Student: 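Let me give you the structure first, and then I'll get to my questions.
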Protein chains: 2
Amino acid sequence: MTELLTQNILNHITLSKKELESFCSLFNQKEVRKKHFLMQEGEICKFEGFVTKGLFRVYHIDSNGFEQVLYFAQENWWITDIDSFTNEKPSQLYIQALEDSEVLLISKKDKEFAYNKIPKIEKLFRVMTQKTHIALQRRIIDNLSKTADQRYIDFIEKYPKLFQRLTNVQIAAYLGISHEFLSKIRRKIASKK
Amino acid sequence: MTELLTQNILNHITLSKKELESFCSLFNQKEVRKKHFLMQEGEICKFEGFVTKGLFRVYHIDSNGFEQVLYFAQENWWITDIDSFTNEKPSQLYIQALEDSEVLLISKKDKEFAYNKIPKIEKLFRVMTQKTHIALQRRIIDNLSKTADQRYIDFIEKYPKLFQRLTNVQIAAYLGISHEFLSKIRRKIASKK
DNA sequence: TCAAAACATTGAACAAGTTCAATAAATGAA
DNA sequence: TTCATTTATTGAACTTGTTCAATGTTTTGA
C-alpha cells in the first residue's frame with residue numbers, strides 16, 4: 001500500500017528501513033470517488049497527500065465563476081494547498097477526483113512530529129518544495145511568453161499519459177483558454193499534419 | 001551592514017545572537033552598478049543573495065528575443081536562480097541591477113555549512129521557499145484569470161513603492177503585455193478618474 | 001550643457017482569444 | 001438498450017492585446 005510512497009521518498013533522500021516504516025505509518029489511506037472532493041474552498045487544509053491511484057485536479061474559481069486549474073495530480077504526485085496547510089487559513093482551492101482515486105494523507109501534527117523525529121524528512125520536503133518552485137517559475141515564464149498553441153503542444157509533450165486522461169475542458173482550464181478555442185487549436189494542428 | 005539581514009531572519013525564525021553572527025559572517029557584500037549584471041544566462045548561479053540596497057530584475061529572454069520578468073527584488077528581498085543554484089546547471093535567467101545596488105551573497109558551500117551547523121537555518125529557507133511558492137501560485141492563477149488592466153491595478157496596489165521605481169517597459173514585461181498596450185491601459189484608467 | 005539614448009504615447013491594421021448559440025459525438029446510469 | 005448528460009466542434013461577431021511606425025518627452029553621460 002505504501003510501496004509507491006517509499007519509492008517516491010527514496011528518489012529524494014535516503015532513509016533506513018526503520019525510518020521509512022516509521023514515517024509511512026503516519027499516513028492514512030483515503031478513497032475518493034470520481035467527482036468527489038478531497039477539499040473545498042473555505043476549508044482549512046488539514047493534510048498533505050500522496051496519490052497512489054487515480055487523478056485529481058486542484059483548481060480555483062474566480063469571481064466570474066471561471067475555473068483555473070493550478071495543477072493535476074496523478075499517481076506518485078503530492079497534493080495539498082500549501083498556503084492553507086502551512087498558515088492554517090481557509091483555502092481558496094478545490095481538490096476534486098477526476099477518477100476513482102486513492103490518497104495517503106498525513107496530518108500537520110504528524111508531519112511536524114516526523115520533522116523532529118527524522119530530520120531528513122525536513123530535507124525531503126524542502127527538496128520537493130524547491131522542485132515545485134522551479135516548475136512554477138517555468139510555468140509563469142511560459143504563460144507570459146508562449147502562445148496558447150505552443151502551450152498546448154508543450155503540455156502534450158510533457159505529460160503524454162496525463163493528457164489522455166483529461167478532457168479538453170480540463171486542459172483548457174490549465175492552459176488558461178476557453179475550451180472552444182482549444183478545439184480550434186486542435187483542428188489547426190490536425191490539419192497541418 | 002547586516003542589519004537588514006538579521007532583521008529579515010528574525011522575522012522568520014528565532015536565533016541566538018551568536019548563531020545570527022555566525023550565519024551572517026558567511027555572507028559577502030557586493031556592489032552592482034546600475035545596468036550591470038549579477039548573473040547572466042548560461043552561468044551557473046553560485047550564490048543566494050539578499051538585497052540591502054537598490055533594485056534588481058530577474059528575467060528571461062525567450063526565443064523571439066522578448067524579455068519576461070520573473071520578479072523584481074528591492075531592499076529586503078532574497079534573490080537567486082533556485083534551479084541553477086540547487087541543481088548546478090546553467091541558468092536561463094539574467095539578474096540585472098536597475099539602480100546602483102548592494103547585495104549580501106552566500107555560496108552554496110557556506111549555505112550547506114550553515115544547514116549543518118545551525119539546523120534552524122534549514123527551517124528558515126524552507127519557510128521562505130514556501131512563501132515564495134504561495135506567491136507563485138497566486139500569480140499563476142491571476143495570470144490565468146485576470147485581464148491585463150486588472151493585473152496592472154493589482155500590481156500598483158500590491159507594490160506601490162516598487163511601482164514608482166520602475167519604468168513602464170519593466171512593468172509590462174512583468175505583466176506579460178507590450179509596453180504600448182500598457183500605455184493604453186494607463187490612459188484608459190486616467191480618463192476614468 | 002547638449003546630443004544621444006532611453007522612455008512614453010498614439011493610431012491604424014492586424015492577430016489572438018472569447019462569447020454565444022447551434023449541433024454532433026461520446027459516455028454513463030438505469 | 002436507451003435516453004439524458006457531458007463533452008467536443010464549429011461559425012460569426014466581438015474584445016483584448018500586438019505590431020509597427022511616427023512623435024514627443026525625459027534622462028543621462030561625455
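In what follows, chains are A, B, ... by sequence order, proteins preceding strands, each numbered from 1. Note that this is a predicted model, so its numbers are computed, not measured.
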Student: Start with the C-alpha distance between B:E112 and B:N116, add both sets of side-chain angles, then the distance that settles side chain to side chain donor-acceptor pair (under 3.5 Å), and finish with yes or no.
Tutor: CA-CA 6 Å; B:E112 293 294 336; B:N116 291 321; 5.3 Å; no
Student: In the hydrophobic clustering (ILVMFWY, side-chain contacts below 4.5 Å, transitive), which residues join B:I82, or is it alone?
Tutor: A:I134
Student: Please report, rounded to the nearest Å, how far the C1' atom of D:dT28 is from the CG atom of B:D100.
Tutor: 13 Å
Student: Round to a whole Å and report the spacing from CD1 of B:I177 to P of D:dT19.
Tutor: 12 Å
Student: Extract all donor-acceptor atom pairs below 3.5 Å that involve side chains of residues 42-49 of chain A and protein atoms in other chains or at least two apart in sequence.
Tutor:
unit_1: A:E43; atom_1: OE2; unit_2: A:Q40; atom_2: N; d: 3.4
unit_1: A:E48; atom_1: OE1; unit_2: A:K111; atom_2: NZ; d: 3.0

Student: Please give, in whole Å, the distance from D:dT6 C1' to A:Q96 CD?
Tutor: 13 Å
Student: Whole-Å distance between C:dG17 P and A:Q150 CD?
Tutor: 12 Å
Student: Partners of B:F66 by ring-ring contact (aromatic ring centres under 6.0 Å, His included), sequence neighbours excluded?
Tutor: none
Student: Rounded to whole Å, please give me the gap between CZ in B:R33 and C1' in D:dG29.
Tutor: 12 Å
Student: I need the CD1-P distance between A:I171 and D:dT9, as an integer number of Å.
Tutor: 11 Å
Student: Just the table, please: protein N/O against nucleotides 6-12 of chain C N/O, every pair under 3.5 Å.
Tutor:
unit_1: C:dA8; atom_1: OP1; unit_2: B:N168; atom_2: N; d: 3.4
unit_1: C:dA8; atom_1: OP2; unit_2: B:N168; atom_2: N; d: 3.0
unit_1: C:dT9; atom_1: OP1; unit_2: B:R186; atom_2: NH2; d: 3.4
unit_1: C:dT9; atom_1: OP2; unit_2: B:N168; atom_2: ND2; d: 3.1
unit_1: C:dT9; atom_1: OP2; unit_2: B:S183; atom_2: OG; d: 3.0
unit_1: C:dT9; atom_1: OP2; unit_2: B:R186; atom_2: NE; d: 3.2
unit_1: C:dT9; atom_1: O5'; unit_2: B:S183; atom_2: OG; d: 3.2
unit_1: C:dG11; atom_1: OP2; unit_2: B:R187; atom_2: NH1; d: 2.8
unit_1: C:dG11; atom_1: O6; unit_2: B:K184; atom_2: NZ; d: 3.4
unit_1: C:dA12; atom_1: N6; unit_2: B:K184; atom_2: NZ; d: 3.0

Student: Donor-acceptor pairs under 3.5 Å, side chain of residues 168-180 of chain A to any protein atom, not counting sequence neighbours: which ones?
Tutor:
unit_1: A:Q170; atom_1: OE1; unit_2: A:R57; atom_2: NH1; d: 3.4
unit_1: A:S178; atom_1: OG; unit_2: A:F181; atom_2: N; d: 3.2

Student: Starting at CG of A:D149 and ending at P of C:dG17, how long is that distance when rounded to a whole Å?
Tutor: 7 Å
Student: Suppose we screen for side-chain contact (heavy atoms from CB on, under 4.5 Å). Which residues come up paired with B:T14, at least two apart in sequence or across chains?
Tutor: none
Student: Rounding to a whole Å, what distance do you find between A:E99:CD and C:dT27:P?
Tutor: 14 Å
